[in-house]
Amino acid sequence: MAAAASTAVVIFLGHAGSAQTPEPKPGAQRQQPEGGPQRQQPEGEAPKKIDEYAEAAKVLGGPAANPECMWFGRRAISLLWNDDLDTAFRHLELYERFGCPPEHIQVTFRCVVRQGKLDPKSGEALSARVHACWINPALEPSAAAASVPPTTTNR
């Protein structure tokens, strides 16, 4: 019994040692930036978000240009577009809790709807439209949206 237990311990310790991360090869070590390790962001992600926020601050000013307002507001509008009302309302509650202007949601959603239909398979198209309308809620409908005939009739 004691021999079996000691054999199990030796096997366990052997596997535990080999499961650890091997030491990096000399010359292949990555240098940490000052201030310690930081989360790696996909290339182009961080500058894009900073540019969006800077653009909004330049064009809009006020609380609608705050990053937290943009984050919650644009998501709420996308959720409204996709008929996920429960989640959209939860985002709107947080949006208002941060002191963001509720009227900006209304005019932005109106702009998104006025632009016309979107390809449901293209998630980026909705995101781009919501951002464009967030920055400029008075955006005129595109020519493509204006040429699409309405699907309902008044009777």
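This structure is a prediction, so every number in the text was calculated from the model and none was measured.
Taking the side chain as every heavy atom from C-beta outward, Asn82 and Leu126 approach each other to under 4.5 Å. Contact annotation: the side chain of Trp81 approaches that of Val113 to within less than 4.5 Å [non-hydrogen atoms, C-beta and beyond].
Here Arg74 contributes atom CZ and Ile135 contributes atom CD1; the two are 7.5 Å apart, rounded to the nearest 0.5 Å. To the nearest 0.5 angstrom, Gln106 atom CD is 10.5 Å from Ile77 atom CD1. Expressed to the nearest 0.5 Å, how far OG1 of Thr87 lies from NE2 of His91 amounts to 7.5 Å.
For the pair Gly73 and Ile105, the tightest heavy-atom approach, listed with the atom from each and the gap, is CA-CD1, 3.5 Å. Between Met70 and Ala56 the shortest heavy-atom distance is SD-CB, 3.3 Å. The nearest pair of heavy atoms linking Ala76 to Ala88 is O-CB, 3.8 Å. Cys111 and Pro137 get closest at one heavy-atom pair: CB-O, 3.3 Å.
In the hydrophobic clustering of ILVMFWY residues, with side-chain heavy atoms under 4.5 Å counting as a link, Val107 and Leu79 come out apart. Using a 4.5 Å cut-off between side-chain heavy atoms of Ile, Leu, Val, Met, Phe, Trp and Tyr, with links allowed through other members, Leu139 and Leu118 fall into different hydrophobic clusters.
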Donor-acceptor pairs under 3.5 Å, side chain of residues 93-104 to any protein atom, not counting sequence neighbours: which ones?
from   : atom 1 : to     : atom 2 : distance (Å)
Tyr95  : OH     : Pro101 : O      : 2.8
His104 : NE2    : Thr108 : OG1    : 3.4
His104 : NE2    : Trp134 : O      : 3.0

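In terms of the salt bridge (charged side-chain N to carboxylate O under 4.0 Å, His left out) criterion, residue partners of Glu140 (sequence neighbours excluded) are, by chain and number, Arg114. A search for ring-ring contact (aromatic ring centres under 6.0 Å, His included) contacts involving His131 returns nothing, not counting sequence neighbours.
Between the side chain of Arg129 and the backbone N or O of Ala125, no donor-acceptor pair lies under 3.5 Å.
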